[in-house]
Amino acid sequence: MRTRRLLAPEVVQTSTMDCGPATLTSLLAGFGIRAGYARLRDACQTDVDGTSIDALEDAAAQLGLQVQQVMLPADHLELDAAGALPAIVVSRNPDGLTHFVVVWRRHGGLLQIMDPAVGRRWVPAAAFRRDELYLHEFGVPADAFERWIRSAAFGDPLRALLSRVRVPGTVLDDYAARDGWQPLAALDAATRQAAATGVRGEAALRALADDPASIADEHWFARPEPSPEPSPESSPSPESSPESSPDLEPELDETGTVTIRGAVLVAVRGRAGDPPDPAALPPDLRAALAGPDPAPSRFLRERLRGLGRLRLVAVAAGAVLAAAGVLAEVVLVRALLSADPGRVVPALVALAVALLALDGVVAGQVAAAGRRLEQGLRTALAGRLPRLPDRYIRSRPLSDLAERAHRLHRLRELPALVVDAARTGTLLLLLPVVIGLVDPRSALPAACAAVLGTLAGWLFLPVQAERDLRMRSHVGAIARCYLDALTGLTAIRAHRAEAVVQGMHERMLGPWAAAVRAVHRTAAAADLVQGAIGLGCVAWLLAGATSRVTDPAALLLLVYWAAAIPALGQQLAVLARRFPGLRSVTLRLVEPFATPAITEPPAITEPPAAAEPPATADRPHPGGTRLRLRDVEVVAGGRPILSVTDLDVPAGAQIAVVGRSGSGKSTLAGLLLGWHTAAAGVVEVDGVALDAAALRRVTAWVEPGVTLWNASLADNLRYGGDPVAPLSGAIIDADLGPVVDALDTGPGSGRGPELAPGPGSGLFRVLGERGGLLSGGEAQRVRLGRARNQPGRRLVLLDEPFRGLSRDRRRQLLARARGWWPGATLLFITHDVADTLTFPRVLVVDGGRIAEDGIPSALAADPASRFRALLDAESTVDARFADPSWRRVRVAGGTVAVEVDA
């Protein structure tokens with residue numbers, strides 16, 4: 001299919017940062033190109049700071065669409081003359097953050113919008129421009145802008161706007177004949193102000209255009225005065241970063257710049273002539289075309305099938321029989337009024353007992369099915385998360401992943417919901433039949449009540465689902481606000497920022513309350529319409545039945561059944577309204593299972609002796625890993641953050657890495673560990689391409705942050721190491737003996753199998769939430785002890801391992817650590833430049849590049865080297881704090897003492 005569909009395919013984002021891939025998936029599907037949403041997410045290089053609009057444009061072009069990123073005046077967006085639709089458009093959320101939507105078509109005064117946060121919406125064009133459209137400011141060369149403003153791309157939409165204010169198009173020709181771009185820009189702004197203020201006629205418009213000072217700032221697309229380029233803060237981050245406008249941005253020259261302010265969009269001109277060649281696509285895009293993501297219904301069917309197909313069929317059949325039995329029970333009650341009670345009552349009692357037993361069996365099986373479904377999903381998710389790619393985990397907020405796991409319990413309701421819907425639907429289907437058996441002419445109004453009432457409820461479902469999703473998105477934002485407030489509680493109190501957090505929360509509550517009201521209004525409207533339809537059909541039924549049915553018992557039965565039809569229709573609609581919420585939970589749950597999991601790699605074993613050259617001065621020991629980086633570039637958020645032309649780290653080498661904050665030191669370690677992926681170049685380990693998961697299994701890593709669990713000190717030390725290995729070596733080498741003794745004396749200490757009663761039992765003392773019983777320096781040594789408890793590693797990455805410790809203790813621990821893993825390759829990343837002078841080699845990282853690579857003493861002797869500059873800067877800071885004018889406070893053993901000079 002090469003033409004676009006009438007309706008944009010709905011693709012709801014499964015994460016708060018995934019609006020870009022979701023809009024791209026919808027756009028491709030609208031032109032008949034099926035692509036997997038989860039893999040498009042990876043292809044668009046989505047990061048925690050969002051998706052680049054440039055990445056969306058590139059991916060769309062590679063997948064077979066003719067696209068162009070442009071900036072347009074806001075009111076040109078919906079004009080046919082501008083040819084801007086369909087397009088991915090940068091919009092603005094109520095909280096001020098930017099967001100991607102697909103503006104698919106214009107239908108009269110309405111825009112059809114596929115919003116990945118809520119689904120398809122129909123919004124008045126003026127309301128979208130006023131309340132949602134993001135306007136971006138950008139500086140462009142004046143000569144390039146003049147060429148564009150004199151082209152048909154600008155002139156045709158402006159003629160359409162002129163006709164709206166009853167001005168002939170010849171006025172445009174008049175202003176185009178004048179010199180420069182300013183007359184046309186003034187005419188454009190004057191036309192916009194005339195439309196907003198109700199001014200009509202050529203004379204009035206010319207008066208406005210010839211007096212630019214009378215035109216309000218908000219009506220200018222191109223401002224007549226030069227303006228500096230906007231700061232990075234003004235770009236639409238985190239959800240998008242429109243860094244270029246291909247129509248208006250050649251290289252800047254000396255002719256000056258024009259500041260334009262308008263909508264940012266990726267416009268689609270149609271499908272490309274030839275379909276893309278999968279072999280020529282990047283791996284992620286190739287995988288996206290290989291197949292769509294699994295549907296939520298198919299995912300749940302597969303999980304329910306694991307509970308036993310026969311059991312599920314039996315439960316469904318039991319629910320249907322129970323519904324039919326209710327009608328039979330009513331028939332027996334009616335017979336009781338006209339037949340011999342001695343025969344009817346035993347049958348009625350027997351039927352009631354059978355139905356009660358059947359209900360009990362069905363309820364028990366439904367509860368068991370829900371419990372097993374939740375248990376199976378939790379087990380599968382727990383097994384899946386550790387095997388997800390590093391990129392998947394990094395690119396999602398932790399609150400988002402936690403919320404998915406939390407909401408999983410809602411799927412326990414699914415079997416009960418299906419059974420209740422089957423039972424209610426059966427009753428609604430059978431009631432017109434049994435009514436027809438009592439009075440054939442009443443069957444038609446009964447059937448109309450059942451069909452029309454149910455249909456009315458289903459017609460409201462799309463609107464209800466959209467508003468329900470919008471409400472849930474606000475609930476998720478508020479939940480993240482709570483989580484951020486709790487995790488940052490110490491900083492909030494320290495900086496007296498409670499009012500800021502409270503204000504942020506109150507601003508979120510307004511849109512949330514509006515979304516909740518919209519959900520309730522829609523539900524009330526659906527119930528009202530269903531009730532009105534049902535009441536009308538019941539009145540129609542009873543108006544005819546009262547004149548035809550003479551038996552009082554039969555008439556009473558008709559009234560009872562007829563009144564039950566609208567109630568059952570509303571009950572079925574209430575059940576149906578719960579399905580969109582469960583579908584949303586399932587959509588978010590499907591994504592981790594749709595993402596290809598990494599297989600458990602074999603550990604990188606020590607290469608055989610024949611595969612490695614003998615030990616030399618450059619290669620001290622064959623036990624370490626050899627690392628080679630060639631033409632490597634690491635990109636995050638569309639920007640390069642590390643570039644390495646050629647780096648060779650011999651096996652067993654010990655190398656220090658220094659540089660200023662943000663220079664790329666930790667990025668180098670993250671590249672080896674898999675936290676970053678090379679966008680270009682080759683990373684080799686022992687002569688083969690890097691397998692980060694396999695390398696991590698033979699790596700001891702001291703991470704920059706400190707993560708302590710609410711568990712014992714022993715468990716924290718064994719985290720990531722041998723769970724039964726003795727801890728004495730780690731405790732001694734990491735100077736944790738005093739910590740164990742201090743914990744031993746406190747209340748609540750315990751003993752473990754490794755230690756006899758008495759001294760040392762503090763090793764099994766629970767440290768509290770985030771290690772609350774330890775000081776900052778003690779926690780730092782715990783992370784060092786973890787690494788020490790992992791002997792036999794072939795690669796050691798020490799990233800700021802001694803942060804917060806005194807200089808003497810740092811140097812003492814560093815000297816020890818260099819001997820803990822004999823023969824391993826060791827990279828020591830630090831800001832303490834003087835501590836690296838004892839290393840045989842140092843790398844100086846600056847601006848994401850390795851600026852210097854050599855012997856520390858030689859670099860220190862070169863006054864022009866960056867290494868020397870770092871040493872001097874460190875010495876300057878030390879000298880400043882050595883000034884005797886500083887007042888010194890010494891803390892020892894929990895006692896604070898002020899040092900007094902003699």
Side-chain angles (χ1 to χ4, degrees), residues 231-232 617-618 627-637 639-650 653-672 675-676 681 702-705 780 796-815 817-818 825-886 888:
S231 63
D618 293 333
L627 308 175
R628 182 77 184 272
L629 284 71
R630 291 176 296 174
D631 299 322
V632 170
E633 187 171 84
V634 179
V635 177
R639 300 178 180 178
I641 58 175
L642 180 68
S643 298
V644 181
T645 303
D646 191 1
L647 175 63
D648 192 355
V649 178
Q654 294 193 352
I655 301 176
V657 183
V658 298
R660 301 180 187 276
S661 296
S663 60
K665 303 184 302 297
S666 295
T667 304
L668 177 61
L671 174 64
L672 299 174
W675 314 143
H676 297 286
V702 177
E703 71 275 20
Q780 295 287 353
V796 179
L797 300 176
L798 305 181
D799 195 346
E800 295 291 351
F802 314 117
R803 179 184 297 169
L805 302 180
S806 65
R807 174 170 299 174
D808 292 339
R809 177 163 283 183
R810 286 201 314 263
R811 292 178 176 174
Q812 182 185 32
L813 288 174
L814 176 59
R818 292 178 64 178
T825 303
L826 185 145
L827 297 182
F828 174 54
I829 301 171
T830 182
H831 284 97
D832 302 311
V833 185
D835 293 348
T836 67
L837 289 171
T838 59
F839 277 76
R841 181 179 173 189
V842 65
L843 305 178
V844 181
V845 183
D846 186 34
R849 298 180 180 273
I850 298 178
E852 293 175 346
D853 180 356
I855 302 172
S857 58
L859 293 175
D862 182 2
S865 71
R866 287 180 171 86
F867 185 79
R868 179 71 258 176
L870 292 173
L871 273 176
D872 292 342
E874 187 174 277
S875 299
T876 301
V877 173
D878 291 342
R880 183 176 301 170
F881 285 102
D883 191 307
S885 62
W886 284 91
R888 288 170 172 75

Which atoms form the tightest heavy-atom contact between [X] and [Y], and what is the distance?
X      : Y      : result
Thr838 : Asp835 : OG1-O, 3.9 Å
Leu859 : Ser865 : O-OG, 2.7 Å
Ser663 : Asp846 : CB-CA, 4.1 Å
Leu837 : Pro856 : CA-CB, 4.0 Å

Between atom [atom1] of [X] and atom [atom2] of [Y], what is the distance when rounded to the nearest 0.5 Å?
X      : Y      : atom1 : atom2 : value
Phe828 : Thr836 : CZ    : OG1   : 7.5 Å
Leu672 : Thr667 : CG    : OG1   : 11.0 Å
Gln780 : Arg810 : CD    : CZ    : 11.5 Å
Leu871 : Thr876 : CG    : OG1   : 10.5 Å

Just wondering, do [Y] and [X] contact through their side chains at under 4.5 Å, heavy atoms?
X      : Y      : answer
Leu629 : Leu668 : yes
Leu798 : Leu826 : yes
Leu827 : Val796 : no
Ile829 : Leu797 : no

With a 3.5 Å distance limit and no angle check, can you tell me whether [X] reaches the backbone of [Y] through a side-chain donor-acceptor pair?
X      : Y      : result
Arg868 : Ala860 : yes
Asp862 : Ala864 : yes
Glu800 : His831 : yes
Lys665 : Gly659 : yes

When you measure from the centre of the six-membered ring of Phe839, is the NZ or CZ of Arg818 under 6.0 Å away and within 45° of the axis? yes
Once ring pair (Phe, Tyr, Trp, His ring centres under 6.0 Å) is applied, what residue pairs with a partner in residues 843-871 remain, sequence neighbours excluded? none
Applying side-chain contact (heavy atoms from CB on, under 4.5 Å) between Arg628 and each of Asp648, Leu647, Val649, report the one that passes. Asp648
Does Arg811, at its CZ atom, have more than 12 non-hydrogen atoms belonging to other residues, nucleotides or ligands within less than 6.0 Å? yes
